[in-house]
Trainee: 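The structure follows.
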Amino acid sequence: MTTAFDANQVQPPKPWYRRGDVLTVLIAFALGYAFLLFGVDESTRFRTRLNPDPDLTFDWMYFWHMVPLMWRGLLATVKATVYGFTIAIFLGLVFALLRRSKLRPVSWPTAFVIEFIRSTPILVQLYFLHALIRTWDWYSPATITILAIGLGIHYATYCSEAYRAGINSVDKGQWEASTALNLGPVSKWTKVILPQAIPNVLPALGNYLVAAMKDAPLGIAVNATGILFFANAIRGGDFRAVEPYMLMGVGFLIASLPAAWLVRRLERKITYERT
Amino acid sequence: MDGLLLEANQYRLLRDGAWVTLQILGLAFVLGVVLSLVVGVGRLSERRWVRGIALVYVEFFRGISSIVLLFIVAIAIPILLGVSQASILMLGSLALGANMGGYGAEIVRGSIQAIPKGQSEASIALNLSNTQRLRYVVLPQALRIILPPFGNLTIEILKGTALVSLVGLADITQAGNFIRQQQLFGDAGTDRTILFLNILVIYFVLAQIINGLFRLAEWRLEKRFSGGEHLTPLDLPEATK
Amino acid sequence: MSAPDTTPYTGTNGNGAAGVRMRGVNKAFGTNTVLRELDLDVDPGERVVIIGPSGSGKTTILRVIMTLERPDSGTIEVGGRQLYHQPAGDGLKPASEKHIRSVRSDIGMVFQHFNLFPHMTALENIMLAPVKVHGQSKEEARTNAFELLDKVGLAHAANQTPGQLSGGQKQRVAIARSLATKPKIMLFDEVTSALDPELVGEVLNVLRDIAEEGKTTMMLVTHEMGFAREVADRLVMFDHGQVLESGPPADVLDNPREARTQEFLGAVREH
């Protein structure tokens with residue numbers, strides 16, 4: 001017995017803008033972005049209103065008292081990370097496209113610049129960038145912006161490698177099939193190559209976002225506020241090191257472990273949906 | 001091109017700094033490799049508690065920022081435990097090495113899992129012990145998979161050594177800061193931008209040397225897999241000896 | 001076929017070959033039972049070929065004897081010693097790792113996919129276990145290894161790695177490797193199945209030589225019926241986790257008693 005196949009009965013898969021799971025993530029993303037844009041206090045004054053007990057090597061009261069200050073520093077660090085990574089995502093794409101160029105005078109210098117930036121410390125890059133920007137009289141950005149630019153350039157090189165790997169991971173047959181179907185370059189990229197490359201790239205980008213957050217405390221190199229700035233300020237003001245640095249460690253793990261966990265979930269979800 | 005170079009005495013300062021950087025890199029690398037192997041193998045242990053400890057180690061050291069870790073290890077912990085901060089060099093290397101161990105352990109675990117199951121079965125059939133199986137069969141093959149990502153990881157650690165300047169160690173970066181401060185008060189005319197560009201180039205060269213060493217190691221390892229010549233009947237009696 | 005329990009299945013014979021006695025062995029992977037209350041005896045020095053449809057569990061018999069899989073229940077005796085159990089008082093207790101290793105040193109196995117160590121030369125592959133497990137000196141192990149390589153016709157390939165060898169050559173090195181520890185019983189798991197047809201002969205020749213020497217008990221899982229008829233003392237037809245019938249090859253192959261055996265042999269012959 002055969003059932004008649006009725007094409008009208010078949011439900012097409014929902015487009016991404018009608019999928020609850022995708023929308024939730026996007027909305028959360030937008031809200032978080034807006035909050036970072038307007039809701040972060042970037043003042044560089046970190047003062048405690050409680051004197052630590054000099055007899056204790058670890059004063060718990062003092063420790064808990066500092067939590068709001070640490071939170072302020074952490075948010076500033078996260079803000080610089082997100083800004084920086086926004087730069088990295090786009091600049092990385094530019095790097096990747098230049099690197100793929102068939103013109104050697106374009107692709108080779110790009111490859112060199114990527115390798116140079118990737119294999120030198122971001123701390124020294126920040127010193128360099130700071131010194132360079134300070135020689136310009138037409139542009140004097142806030143310190144946190146300098147940090148974001150530094151992070152953005154550094155991680156753009158990592159992102160470009162992720163894009164490159166993602167594009168290369170698309171099966172050669174897919175390019176050939178696109179040619180065989182006589183697709184134009186725009187359809188080829190938007191309908192065939194990128195939809196397959198992006199899921200491969202996303203987990204790598206997520207990992208680099210977490211890595212960028214780990215480097216963001218280096219803002220102290222350019223006097224930008226952040227979680228390490230907070231801890232150093234307390235040490236300078238109260239001559240106490242143990243509590244602020246421990247609190248910094250705890251605060252950092254609270255932010256970075258869930259982020260790493262989310263990235264891993266994303267990775268698994270993408271592998272799952274593709275199989 | 002004269003404008004891009006520093007003065008001879010400044011290069012001497014940077015050279016001394018580079019020596020400190022290399023010492024830290026060496027110590028952190030040795031510790032990192034040992035921890036990677038121990039924790040990476042521990043992640044696959046038959047015993048649950050060993051797996052648990054290894055997992056916590058990996059999650060902690062990959063989750064925490066090496067900068068944050070460095071400040072805790074080099075400044076907070078010595079005060080907390082009441083020991084002197086005498087050897088920040090050791091403490092700094094310890095922090096970087098522990099950090100490397102977290103990432104390296106995952107590389108080692110992945111590489112061991114990538115070795116075909118038949119290799120372990122053949123080892124059991126030959127009655128090798130678990131340790132012998134790891135030592136003679138699994139790890140030598142895993143090394144082929146481990147080397148390339150370990151090269152990248154070592155360069156990440158080289159980059160990480162710059163952080164020790166923040167806790168007061170006289171590495172290259174700190175030498176740069178020192179020169180910069182001299183410039184503020186003296187009248188040496190070199191621009192700060194040029195100074196840091198020079199330091200970046202030094203790191204870049206060091207990174208390329210590390211890269212080269214790992215390529216060399218990969219090439220030598222590959223030779224082991226590619227084997228030797230056909231023996232002729234003339235070779236045989238001698239080779240039997 | 002004689003009644004199994006009156007003959008000395010276990011222990012070793014004059015040549016040093018060991019017998020096997022399996023009693024009530026069960027093994028399941030999830031809900032899939034591959035060995036079902038299996039009783040199987042192999043005499044010292046006997047050459048037993050196990051045949052049966054794929055997925056019938058014949059490979060698992062070899063794998064539980066080699067300790068690559070643990071049986072869920074039952075006992076296995078190799079060369080007169082319990083493999084998974086140790087005597088405790090009147091009964092048996094689960095064996096320690098040390099005990100298993102000691103019994104395991106009597107057993108050798110050759111695999112379908114060779115499982116040679118790719119980072120070692122043929123010679124190093126053969127020398128590894130004699131030197132590291134049996135404590136032979138390197139010189140002694142090297143001399144023995146060359147003799148073994150010569151025996152399988154590959155002395156010239158001593159310094160070559162598996163990547164340089166053909167499938168048939170790899171399998172011959174693998175056989176030499178498992179012979180190097182002088183096992184009292186050898187297990188051959190579909191050793192020609194992964195080979196190109198023209199390379200099967202060279203491996204079967206080596207097996208024939210080992211069979212003729214008669215220094216070791218042989219258990220083979222194979223689809224080479226002609227070869228089975230030639231070397232086997234006994235053919236065991238295995239299906240659904242149990243022995244369906246067993247006897248001299250000519251009997252089983254030419255006059256199978258069971259319908260399943262006839263069906264299976266018919267399917268094999270058609271190819």
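Just so it is clear: chains get the letters A, B, ... in the order the sequence lines come, proteins before strands, and each one is counted from 1.
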Trainee: Determine, for A/Tyr127 and B/Arg192, whether the Lys NZ or Arg CZ falls below 6.0 Å from the six-membered ring centre while staying within 45 degrees of the axis.
Mentor: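 No.
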
Trainee: Looking at A/Ile122, A/Thr120, A/Ile117, which has the largest count of heavy-atom pairs under 4.5 Å with chain B?
Mentor: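 Of the options given, most contacts go to A/Thr120.
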
Trainee: Please output the residues of residues 199-218 of chain B in contact with chain A, using a heavy-atom cutoff of under 4.5 Å, in numerical order.
Mentor: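 From residues 199-218 of chain B, the residues near chain A are B/Ile199, B/Leu200, B/Val201, B/Tyr203, B/Phe204, B/Ala207, B/Gln208, B/Asn211.
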
Trainee: If every non-hydrogen atom of B/Val73 is compared with every non-hydrogen atom of B/Leu91, which pair is closest and at what distance?
Mentor: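 That would be CG1-O, 3.6 Å.
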
Trainee: Measure B/Ser165 against the heavy atoms of chain A and call it side chain, backbone, both or neither at under 4.5 Å.
Mentor: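 Contact with chain A: side chain only.
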
Trainee: Report, as yes or no, whether the 6.0 Å neighbourhood of atom CZ on A/Arg265 holds more than 12 heavy atoms from other residues, nucleotides or ligands.
Mentor: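 Counting other residues, nucleotides and ligands, CZ of A/Arg265 stays at 12 neighbours or fewer.
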
Trainee: What distance separates A/Ile133 CD1 from A/Ile146 CD1, expressed to the nearest 0.5 Å?
Mentor: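 One finds 4.5 Å between CD1 of A/Ile133 and CD1 of A/Ile146.
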
Trainee: For A/Trp136, look at atom CH2 and say whether over 12 heavy atoms of other residues, nucleotides or ligands are found less than 6.0 Å away.
Mentor: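 Yes.
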
Trainee: Please classify the contact between A/Asn232 and chain B as side chain, backbone, both or neither, with a heavy-atom cut-off of under 4.5 Å.
Mentor: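 For A/Asn232, side-chain heavy atoms alone lie under 4.5 Å from chain B.
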
Trainee: Is it the case that the side chains of A/Asn200 and A/Ser169 hold a donor-acceptor pair, with the cut-off being a distance below 3.5 Å and no angle test?
Mentor: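 Judged by distance alone, the side chains do pair up.
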
Trainee: Is the CZ atom of B/Phe178 crowded by more than 12 outside heavy atoms at less than 6.0 Å?
Mentor: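 For B/Phe178, atom CZ is not crowded (no more than 12 foreign heavy atoms under 6.0 Å).
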
Trainee: Go through the atoms of A/Glu243 and report whether side chain, backbone, both or neither lie under 4.5 Å from a heavy atom of chain B.
Mentor: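 It is neither, since no heavy atom gets under 4.5 Å.
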
Trainee: Are the side chains of B/Glu59 and B/Leu55 in touch, meaning some heavy atoms are under 4.5 Å apart?
Mentor: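 Contact flag for B/Glu59/B/Leu55 side chains = yes.
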
Trainee: For residues B/Val58 and B/Ala105, report the shortest heavy-atom separation together with the two atoms involved.
Mentor: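 Heavy atoms of B/Val58 and B/Ala105 come nearest at CG2-CB, 3.9 Å.
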
Trainee: When you compare the side chain of B/Glu46 with that of B/Arg51, does any pair of heavy atoms fall below 4.5 Å?
Mentor: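 Not touching, per the 4.5 Å side-chain cut-off.
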
Trainee: Is there any residue in residues 24-42 of chain B with a non-hydrogen atom under 4.5 Å from a non-hydrogen atom of chain A, and which ones are they?
Mentor: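 Heavy-atom contacts from residues 24-42 of chain B to chain A are absent.
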
Trainee: Which atoms of A/Arg235 come close to chain B, meaning under 4.5 Å heavy atom to heavy atom: side chain ones, backbone ones, both, or neither?
Mentor: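 For A/Arg235, the contact with chain B is made by the side chain alone.
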
Trainee: Taking A/His130, A/Arg134, A/Arg264 one by one, which has the highest count of heavy-atom pairs under 4.5 Å against chain B?
Mentor: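 Highest number of pairs under 4.5 Å: A/Arg264.
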
Trainee: Could you tell me which portion of A/Phe252 (side chain, backbone, both or neither) has an atom closer than 4.5 angstrom to a non-hydrogen atom of chain B?
Mentor: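 For A/Phe252, side-chain heavy atoms alone lie under 4.5 Å from chain B.
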
Trainee: Which bit of A/Leu228 is near chain B, if near means a heavy-atom gap under 4.5 Å: side chain, backbone, both or neither?
Mentor: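 The side chain, not the backbone.
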
Trainee: Write down the atom of A/Pro244, the atom of A/Arg240, and the distance for their closest heavy-atom approach.
Mentor: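 Of all heavy-atom pairs spanning A/Pro244 and A/Arg240, the closest is CG-O, 3.3 Å.
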
Trainee: Take A/Glu115 and A/Arg118 through the salt bridge (Lys or Arg N to Asp or Glu O under 4.0 Å) test and state the conclusion after the steps.
Mentor: CA-CA 5 Å; A/Glu115 178 65 23; A/Arg118 259 175 76 105; 5.0 Å; no

Trainee: Indicate yes or no: at least one non-hydrogen side-chain atom of B/Arg48 is less than 4.5 angstrom from one of B/Ile53.
Mentor: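 No - every pair of side-chain heavy atoms lies 4.5 Å or more apart.
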
Trainee: With only heavy atoms counted, which part of A/Leu218 is less than 4.5 Å from chain B, the side chain, the backbone, both or neither?
Mentor: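 The answer is both parts of A/Leu218.
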
Trainee: Cationic tip of A/Arg72 within the cone over A/Phe230's six-membered ring, i.e. under 6.0 Å and within 45° of the normal?
Mentor: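 No.
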
